[in-house]
Amino acid sequence: MRINSNSRLPELIGPCHYYQKWLEPAQATELQIMLEHEISWLSGWVKMFGKTHKIPRKQAWMSNNQAPYTYSHQRLDSQGWPNELEQLKQWLQQDLKQQFNSCLLNRYQNGQEHMGWHADDEPELGPKAHVAIISLGQDRDLLIKEKQSRKSYFSIRLEHGSLLYMPAPMQQHWLHALPKRSLRSHPGTRISLTFRMRYT
Ligand SMILES: O=C(O)CCC(=O)C(=O)O
């Protein structure tokens, strides 16, 4: 698998850098099929306002030091890095000149599965949190809005094989979400690989 060297220059959208064809479509498809079969995709529940809710997507977690990922009383244990993801991590580090040591994987069965507004600003990510999202499968929209004013607002179409880089200090000032879409317009499955650098 090799990165498409024609699309190394990102498009700047709000506080993000978007690389439309960071992976060739055929490479991205191969990777998606591998991940569908070789990853243990877990359903999870979170507690909010005293009620337990099923998380509307499946997840998996990988970390260099095997540390688990925990949030809202949910715990994901680290799975081993498949060679293909280890390779992607190396390429990201070369292209973005940043280090990554963990990856949260999200699997959205179709447009009905989603992720609410949040920032990736957990203390473990440090004050300069940077996150890189590789998208595989069904195109989905990522919405971004300013935390304070809620006035600046962007929508980014995350395409098959794309890379969205969210550099520091974006997580301090912006929220992002992957909203629900209709089954008719978004029938397919999407996997996102969200690479991070954690300090615990
Ligand atoms: O699936 C996506 O692209 C969004 C992922 C995300 O926001 C996150 O993992 O924090």
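Atoms within each ligand, like the ligands themselves, are counted from 1 in listed order.
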- Is the Lys NZ or Arg CZ of K89 less than 6.0 Å from the centre of W81's six-membered ring, within 45° of the axis? yes
- If you draw a 6.0 Å radius around NZ in K128, do more than 12 non-hydrogen atoms from other residues or ligands fall strictly inside? no
- Does a donor on one side chain and an acceptor on the other come within less than 3.5 Å for E146 and S149? yes
- Query: Below 4.0 Å from any atom of ligand 1, is there a heavy atom belonging to R57?
  - Reply: no
- Item | ligand 1 contact on E122 by region, counting heavy-atom pairs under 4.0 Å | neither
- Closest non-hydrogen protein atom to atom 9 (O) of ligand 1, residue and atom name please, with distance? R196 NH2, 3.0 Å
- Message: When you measure from the heavy atoms of R140 to every atom of ligand 1, does any distance fall below 4.0 Å?
- Response: no
- Message: Looking only at protein heavy atoms, which one is nearest to atom 4 (C) of ligand 1, and what is the separation?
- Response: Y108 OH, 3.7 Å
- Has K58 got more than 12 heavy atoms of other residues, nucleotides or ligands less than 6.0 Å from its NZ? no
- For residues H130 and F100, establish whether the separation of their ring centroids is below 6.0 Å. yes
- Note on the structure: Note: ligand 1 atoms sitting under 4.0 Å from heavy atoms of H176 are 6 (C), 7 (O), 10 (O)
- Item | Min heavy-atom dist E113 to ligand 1 below 4.0 Å | no
- Query: Among protein heavy atoms, which lies nearest atom 3 (O) of ligand 1, and at what distance?
  - Reply: R190 NH2, 2.8 Å
- Query: What atoms of ligand 1 come within less than 4.0 Å of a heavy atom belonging to I133?
  - Reply: 3 (O)
- Is there a donor in the side chain of Q98 and an acceptor in the side chain of Q93, or the other way round, less than 3.5 Å apart? no
- Note on the structure: When L104, I39, L193 are each screened for side-chain contact (heavy atoms from CB on, under 4.5 Å) with M62, the one that passes is I39
- Message: Give me the atom names and distance for the closest heavy-atom approach of R57 to H114.
- Response: NH1-O, 2.8 Å
- Can you tell me which residue and heavy atom of the protein come closest to atom 6 (C) of ligand 1, and the distance to 0.1 Å? M115 SD, 3.3 Å
- Task: Taking only heavy atoms of S192 into account, list the atoms of ligand 1 that are under 4.0 Å away from them.
- Result: 1 (O), 2 (C), 3 (O)
